[in-house]
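Values in this document were obtained by computation on a predicted structure and should not be read as measured data. Here is the naming used below: chain letters follow the sequence lines, and residue numbers restart at 1 for every chain.
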Amino acid sequence: MHNLLHNLNDEQLAAVTLPAQSALILAGAGSGKTRVLTTRIAWLIQTGQVSPSGILAVTFTNKAAKEMLTRLSAMLPINTRGMWIGTFHGLCNRLLRTHHRDAALPQTFQILDTQDQLSAIKRLLKAHNVDDEKFPPKDVMYFINGAKDSGLRAHDIEPYNADERKKVELYQLYDEQCQREGVVDFAELLLRTYELLSRNQPLREHYQQRFQHILVDEFQDTNDLQYKWLKLMAGQGGHNGGVLFAVGDDDQSIYAFRGANVGNMSAFEREFNVRNLIKLEQNYRSHGHILDAANVLIANNSKRLGKNLRTDAGHGEQVRVYEANSDLSEASWIIEETRNLIHDGASRSEIAVLYRSNAQSRVIEHALFSAGIPYHVYGGLRYFQRAEVKHAIAYLQLMDNPHNDSAFLRVVNFPARGIGVRSIETLQAAADQYGISLYAAVPYVTGKAGTALSGFVKLIEGTRFETQQMSLPELVRVVLEQSTLLAHYATEKEGADRIENLEQMVSAATQFLSEEGYGQGAPAHLGPQAQASAGAAVVNQDGLEIIDADAPLSTVMSPLSAFLSHASLEAGDNQATIGQEAVQMMTVHSAKGLEFNNVFITGLEEGLFPHESSSREHDGVEEERRLMYVAITRARQRLYLSFAQTRMLHGQTRYNMKSRFFDELPEDALKWLTPKVQPSWFGAKKSAWDEAPLVGSDRALAQQIANKSSGSGWRIGESVAHAKFGEGVIVNIEGSGNNARAQINFGSSGMKVLDLSIAKLDRL
DNA sequence: CAACTCATACCATAA
DNA sequence: GTATGAGTTG
C-alpha cells in the first residue's frame with residue numbers, strides 16, 4: 001500500500017488520500033493529474049473504502065479512459081472488472097442499451113456521428129420545405145446540439161423571435177425523425193440517459209448507491225448537461241452517498257465553442273460544498289523560462305481560480321522568437337531549426353509543430369516533405385469516417401435496423417443501381433404519407449422505380465438471411481461482397497486504398513470481438529442472451545428488479561450492434577503511422593494533454609492567433625489566451641515562437657500584425673532571433689521590408705505591392721497610425737488620386753476601409 | 001439517371 | 001487549396 005503513495009509530492013498525496021467527500025483538484029499543466037486520479041482509485045480500493053464496482057470514472061476521450069485503465073491494472077493486483085471507466089458517451093450507450101425499454105429506444109438503436117446528423121438535418125429541412133439559405137443545416141445542427149448540451153428539449157425553449165421559433169420547431173421535428181428511425185446523436189445519448197434516470201427513481205437510486213465514488217477528468221471541459229448528469233449520478237450535492245472527485249484546470253479550458261462551461265468548476269465548489277480544494281502547482285514538465293512565459297501570459301486573464309506553476313528544473317533556455325517575411329520563410333526557418341535539433345541528437349518525435357488552424361499546416365508540410373524530414377499530421381480523417389468505410393457501415397446498419405433512413409439513403413444507390421433522385425422522391429412521398437421509414441415504404445412504390453427499390457430491399461433481406469448464423473467477421477466479409485462495394489472500387493483507378501480499408505474491416509471486426517469478450521464464433525445477429533440469466537439482475541430495497549448495466553456487453557447487445565456502436569463511438573486512429581520516428585504536426589487544440597522536448601508555436605499573428613473570430617465572442621480573447629497557455633506548456637526544454645508578415649490563407653495574401661501575446665510575455669524569458677525594435681512591432685516591420693533580402697515569391701510580392709501603391713503615396717504592407725483606431729497595416733489600396741481608398745487592418749479595432757484623401761494617417 | 005463542370009465557403013473538436 | 005452543392009450535359 002505504501003509503495004502506491006511513494007513518490008507523490010505533498011499536494012498529490014493530499015489529493016489522493018482525501019476523505020470520502022467531494023473534492024476539486026486544480027491540476028496545472030504537467031502536474032501529474034492522471035497519476036493523482038488513478039492513484040486515488042487504487043488507494044480507495046486498496047484501503048478497503050470501496051470495492052471496484054463502487055467506482056465510476058468518466059473521461060472525454062477513449063484514449064484517456066484507456067490510459068487510466070492501463071495504469072490501474074499496473075497498480076492493482078486485482079482485476080479492474082466491475083469498475084466503470086469510460087467516456088460520457090460510452091457509459092451512456094451502455095446504460096441505454098440495458099434500459100432501452102425504459103428509455104423508449106429499440107435495442108438496436110444506432111448512433112449518428114456528426115456527419116450523419118448533418119445529413120439527417122438536411123433531409124429534414126428538405127422534407128419540410130425549409131429554406132436552407134435562411135436556415136443553414138449547420139446552424140440548425142448547432143442550435144439543436146447547443147440545446148441538448150444544456151439539457152433542453154424543444155418544449156423547454158422559449159423562442160425570442162420568429163427565426164428561433166422555427167428552429168425550435170425543427171428541433172422538435174428532428175427528434176421525432178430520430179425516434180422514428182431508431183437513431184440517436186451524440187448529445188442525445190447523454191440527454192436520454194439523464195432523462196431516464198431523472199424520471200425513474202428506483203433506477204436512479206440503484207446507480208447512486210452503487211457508485212460511491214465518481215471521478216471526473218478534465219472537469220473544465222464539461223458542458224451543462226454533463227454536469228447535470230454527474231450531479232444526478234452522485235445525487236445532488238452528494239447527498240445520496242455519491243462522492244464527486246473532479247480534476248481540472250480552468251486555465252486549460254479551450255472548448256467553450258463546443259459547449260464547455262468553466263463555470264461548472266465554481267458551481268461544483270458551491271453546490272457540493274467543496275471543502276477540499278487542492279491545487280497541484282508543481283510542474284514536472286517544463287523548464288523555468290517556459291513556465292514563466294506561461295504564468296505571466298495567463299495572468300492577463302481576469303476570470304481565474306488562481307494558480308501559479310513552479311518547477312525545480314531551473315531556468316533552462318530562453319524562448320526563441322522568430323519573425324519571418326512570409327509563411328514560406330517561416331516554414332523554411334522551421335526546417336532549418338528542425339535540422340539543427342536532429343543534428344544535436346533530438347528525436348524527431350520529440351519535435352512538435354503547433355498551429356492555430358489546420359489550413360496553416362500545408363506550407364509546413366510541404367517544406368518538411370521537400371526537406372525529406374518524416375512528419376506526421378494529426379487530425380486527418382479517422383478510419384471509421386472514411387467514405388468507403390461509412391458505406392460499408394451503412395449496409396451493416398441496415399442489417400441491424402433497416403429503418404435508419406440515413407443509412408438507407410447513403411447506400412440505396414451506392415454503388416449505382418439505377419435508383420435516382422426521382423425514385424427517391426417518390427419513395428419519400430410514400431414514406432411521409434404513411435409515416436413510416438423509407439425501407440418500409442418500398443412496397444408502396446410501383447413501376448420501374450419500385451422494381452429497382454425492391455431489388456435493393458431483396459439485397460438487404462437476402463444478405464441478412466444468408467448471414468443468419470455467421471460470426472461478425474464473416475458477416476462483414478459477405479456484406480462487402482454482396483453490396484458490390486469491393487467490385488465497385490476495383491473498377492476505380494484510385495480504388496486500391498479504399499479496397500484495402502474495406503478489407504481491414506474484417507480484421508477490425510475480429511479484433512473487436514476479442515477485445516470486448518465476445519466469442520469469436522458467436523452469431524453476429526444474435527440478440528443479447530436472456531438478461532436474467534446473465535446474473536445482472538439486482539433487486540433493490542423496494543423489491544423492484546433492476547437490471548444493472550454492469551455485465552459483459554454480450555448480454556446487452558448483439559455483436560453486430562456492439563460493433564456499430566464501437567464504429568460511432570471510437571472513430572479509430574487517423575493514420576497507422578504511429579510509432580514512426582516523425583516530426584509531430586497538429587493544432588494547438590489537439591496538442592492538449594501531450595508534451596514534447598521541443599515545440600514550435602507558429603503563426604502568432606493578430607487575426608490568426610488570437611483568431612479574428614474570437615474578438616466577436618464573449619470572453620473570446622481570454623479563451624485564445626488559454627489556448628496559447630496550453631501551447632506553451634506543451635514544451636519541456638525548448639520552445640520556439642514564430643510569426644510571419646505576410647501569409648497566404650484561403651487563397652489570398654494577408655498582412656497581419658504580430659500577436660498581442662508577445663506583449664504579454666516576460667521579456668527576460670524571450671530571446672529574439674530576429675531584431676525586435678522597440679517599442680512596438682512597427683519599427684521591426686519597416687526594417688524588415690526595407691532591408692531584408694527578398695527571395696522567390698517574396699520578391700514577386702514586393703513587385704506587386706510596388707505596382708499597387710502607384711499614385712496614392714501609400715504602400716501595401718505599410719504601417720500607419722490613426723487617431724481613433726490606433727496602429728494598423730495597409731492591406732489593400734483601391735483607386736487612385738482623390739478616390740484612393742485603403743483597406744487597413746487595425747488589429748483589435750478591426751478592418752477598416754478609409755478614404756486616403758480624408759483620413760488622417762501617420763506613417764510609423 | 002449519371003457524370004461532369006463551376007461556384008462558394010472556410011477556427012478549433014471528441015464522442 | 002479543398003470539399004460540398006448546384007447546375008449542365010451526354
Engineer: What parts of residues 406-414 of chain A reach DNA chain B, counting only heavy atoms under 4.0 Å away?
Structural biologist: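 DNA chain B contact set from residues 406-414 of chain A: A:N413.
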Engineer: Using the C1' atom as the reference point in each nucleotide, state the distance between C:dG5 and B:dC11 in Å, no decimals.
Structural biologist: 22 Å
Engineer: Please list, chain by chain and in numerical order, all residues satisfying side-chain hydrogen bond (donor to acceptor under 3.5 Å, both in side chains) with A:T108, sequence neighbours excluded.
Structural biologist: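 Not a single residue meets the side-chain hydrogen bond (donor to acceptor under 3.5 Å, both in side chains) criterion with A:T108.
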Engineer: Taking side chain to side chain donor-acceptor pair (under 3.5 Å) as the cut-off, I'd like each qualifying pair that reaches into residues 405-421 of chain A, sequence neighbours left out, listed once.
Structural biologist: A:R123-A:S406, A:Y395-A:R417
Engineer: A:R153: which residues meet the side-chain contact (heavy atoms from CB on, under 4.5 Å) condition with it, sequence neighbours left out?
Structural biologist: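 Applying side-chain contact (heavy atoms from CB on, under 4.5 Å) to A:R153 gives A:K148, A:H155, A:D156, A:Y171, A:D175, A:E188, A:L191, A:R192, A:E195.
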Engineer: Can you list everything that forms a side-chain hydrogen bond (donor to acceptor under 3.5 Å, both in side chains) with A:Q252? Sequence neighbours excluded, please.
Structural biologist: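 With sequence neighbours excluded, A:Q252 shows a side-chain hydrogen bond (donor to acceptor under 3.5 Å, both in side chains) to A:D249, A:R634, given in chain and number order.
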Engineer: For each nucleotide in nucleotides 8-15 of chain B, reading 5' to 3', give B when a protein heavy atom comes within less than 4.0 Å of its base, S when such contact involves only the sugar-phosphate, and - otherwise.
Structural biologist: --BBBBBB
Engineer: For A:T602, which residues count as a side-chain contact (heavy atoms from CB on, under 4.5 Å) partner, sequence neighbours excluded?
Structural biologist: A:E330, A:I334, A:V353, A:Y355, A:Q360, A:I364, A:F600, A:S642
Engineer: Kindly write out the residues that satisfy side-chain contact (heavy atoms from CB on, under 4.5 Å) with A:S370, not counting sequence neighbours, or none if the list is empty.
Structural biologist: A:H366
Engineer: Using chain A heavy atoms and a threshold of under 4.0 Å, write down where along DNA chain C the contacts begin and end, 5' to 3'.
Structural biologist: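 Terminal contacting nucleotides, 5' to 3': C:dG1 to C:dG5.
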Engineer: Could you tell me which residues satisfy salt bridge (Lys or Arg N to Asp or Glu O under 4.0 Å) with A:E492, sequence neighbours excluded, listed by chain and number?
Structural biologist: none
Engineer: Across all strands shown, which nucleotide pairs with B:dT5 by Watson-Crick or G-U wobble geometry, both distances under 3.5 Å?
Structural biologist: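 WC or wobble partner is C:dA6.
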Engineer: Relative to each other, are the rings of A:F211 and A:Y207 parallel, tilted or perpendicular (30° and 60° limits)?
Structural biologist: parallel
Engineer: Can you name the residues that form a salt bridge (Lys or Arg N to Asp or Glu O under 4.0 Å) with A:D116, not counting sequence neighbours?
Structural biologist: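 Result, salt bridge (Lys or Arg N to Asp or Glu O under 4.0 Å) vs A:D116: A:K390.
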Engineer: Name all residues meeting the salt bridge (Lys or Arg N to Asp or Glu O under 4.0 Å) criterion together with A:D221; count only those two or more places apart in sequence or in a different chain, and write none if there are none.
Structural biologist: A:K592
